[in-house]
A.B. asks: 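Got a structure for you, questions after.
These figures come from a predicted structure and were not determined experimentally. If you read the sequence from its start, that first residue is 1, and numbering goes on from there.
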Amino acid sequence: MDIATLIGLLMGFGAIFGGAALEGLHMKALIQPTAALIVLGGTFGAAFVSFPLPAIIKAFKDVKNAFLPPKIDHDAVVKDIINYATKARRNGLISLEQEAQSARDPFIKKGISLVVDGIDPQKLRETLEADIMAYEDNTKHSVEFFEAAGGYAPTIGIIGAVLGLIHVMSNLSDTSKLGAGIAVAFVATIYGLMTANIICLPIASKLKIRMKEEVLRRVMILEGLIAIQNGENPHFIEQKLKAFVGAH
């Protein structure tokens, strides 16, 4: 569990509702189902129009990565690559065939298989880089979906406020309720801003970080396998890959 995500959500919503309570604002004034329906429905409706259905489904599935991040241990990647390098240096590249069969990670499995097959190093780089680019492009859709939703939410909130004001202005006969009606109308604006700045945009940022971590892992594997194919010293390979971890 990513504790930072939970703390951030609790802190964000707690600061807003807690600050409102300290100002003496009754919590019932901030709980408006109609405003929530307008903002959430309008925001994600606009986002649905902007993206194809498969990208939308994947975006909602990827939300879990903001709370339950995949385990990526860059030090373990370095250790595995060094083990492969040592084995290949002693027994030849063909000795890695068993590693390719037992590897659970599809990217590592594909990379080692290509190395064992004796593919040209340049072709190996091009093939694995194409895989990395495909992963990055696919994952970017999830990031862009929530970024788009975060952009739409404040505007939809204003639409909700305007609709509320229209309702208020159509009932001016009872002036005693005018102030309360206007206050309720502006709750939609608050919902729009909270949806954008506490939910959608932060989730997009967290997914972008997850994507960068996975891309770094794959780049490390790529560079390690090419170094193995070139017959480089395992110690030198280790230093090269640790530079990636240090930069990260």
Side-chain angles (χ1 to χ4, degrees), residues 1-51 56-71 141-213:
M1 177 67 70
D2 189 331
I3 302 300
T5 301
L6 291 178
I7 292 176
L9 288 173
L10 292 174
M11 188 179 298
F13 284 110
I16 292 173
F17 287 101
L22 290 175
E23 287 294 320
L25 184 64
H26 202 286
M27 287 299 101
K28 286 184 178 180
L30 292 178
I31 301 175
Q32 300 294 333
T34 302
L37 176 62
I38 292 171
V39 171
L40 295 178
T43 295
F44 288 103
F48 272 49
V49 173
S50 304
F51 292 83
I56 295 169
I57 294 173
K58 186 177 186 303
F60 281 108
K61 287 182 178 179
D62 285 346
V63 170
K64 70 178 184 299
N65 291 335
F67 297 90
L68 299 169
K71 293 181 179 180
H141 289 313
S142 298
V143 175
E144 291 168 350
F145 176 82
F146 285 104
E147 286 179 341
Y152 297 138
T155 303
I156 301 298
I158 294 174
I159 293 174
V162 172
L163 291 174
L165 289 175
I166 291 173
H167 176 70
V168 170
M169 298 304 288
S170 65
N171 294 278
L172 287 177
S173 57
D174 190 354
T175 56
S176 63
K177 297 182 180 180
L178 188 60
I182 294 174
V184 170
F186 280 107
V187 169
T189 304
I190 296 175
Y191 280 9
L193 293 171
M194 288 195 302
T195 300
N197 296 291
I198 300 180
I199 301 176
C200 292
L201 295 179
I203 286 178
S205 296
K206 187 59 70 75
L207 293 181
K208 190 181 295 185
I209 290 173
R210 302 283 186 252
M211 179 184 70
K212 289 181 178 179
E213 289 174 343

A.B. asks: Could you tell me which residues satisfy side-chain contact (heavy atoms from CB on, under 4.5 Å) with T5, sequence neighbours excluded, listed by chain and number?
C.D. replies: D2, L9, F67, K206
A.B. asks: At what distance, to the nearest 0.5 angstrom, does CZ of F17 lie from CG of L30?
C.D. replies: 5.5 Å
A.B. asks: If you look at every heavy atom in A161 and T189, which pair is closest and at what distance?
C.D. replies: CB-OG1, 3.3 Å
A.B. asks: Is the count of non-hydrogen atoms from other residues, nucleotides or ligands lying under 6.0 Å from K208 atom NZ greater than 12?
C.D. replies: no
A.B. asks: Can you confirm whether more than 12 heavy atoms, excluding those of K61, are under 6.0 Å from its NZ atom?
C.D. replies: no
A.B. asks: For the CD1 atom of I198 and the CD1 atom of I203, what is their distance to the nearest 0.5 Å?
C.D. replies: 11.5 Å
A.B. asks: Identify, with sequence neighbours excluded, every residue that meets side-chain contact (heavy atoms from CB on, under 4.5 Å) alongside I209.
C.D. replies: E213
A.B. asks: Does any non-hydrogen side-chain atom of F146 lie less than 4.5 Å from one of V63?
C.D. replies: yes
A.B. asks: Could you list the residues that satisfy side-chain contact (heavy atoms from CB on, under 4.5 Å) with I158, not counting sequence neighbours?
C.D. replies: V162
A.B. asks: Not counting sequence neighbours, which residues clear side-chain hydrogen bond (donor to acceptor under 3.5 Å, both in side chains) with S142? List them please.
C.D. replies: D62
A.B. asks: Restricting to non-hydrogen atoms, name the atom on V187 and the atom on A35 that form the minimum distance, rounded to 0.1 Å.
C.D. replies: CG1-CB, 4.3 Å
A.B. asks: Measure across A46 and Y152 and return the closest heavy-atom pair with its distance rounded to 0.1 Å.
C.D. replies: CB-CD1, 3.6 Å
A.B. asks: So, the side chain of Y191 versus the backbone of G160: is there a donor-acceptor pair under 3.5 Å, distance only?
C.D. replies: no
A.B. asks: Taking only residues two or more places apart in sequence, or in another chain, which ones meet I3 in a side-chain contact (heavy atoms from CB on, under 4.5 Å)?
C.D. replies: M1, I7
A.B. asks: Find the distance between OG1 (T195) and CG (L40) and round it off to the nearest 0.5 Å.
C.D. replies: 5.0 Å
A.B. asks: Shortest non-hydrogen contact from A196 to G150?
C.D. replies: CB-O, 3.1 Å
A.B. asks: Run the ring-ring contact (aromatic ring centres under 6.0 Å, His included) test against F145 and tell me which residues pass, sequence neighbours left out.
C.D. replies: F51, F60
A.B. asks: Looking only at non-hydrogen atoms, find the nearest pair between P70 and N65 and report the distance.
C.D. replies: CD-OD1, 3.9 Å
A.B. asks: Considering non-hydrogen atoms only, spot the tightest contact between N197 and L201 and give its length.
C.D. replies: OD1-CD1, 3.9 Å
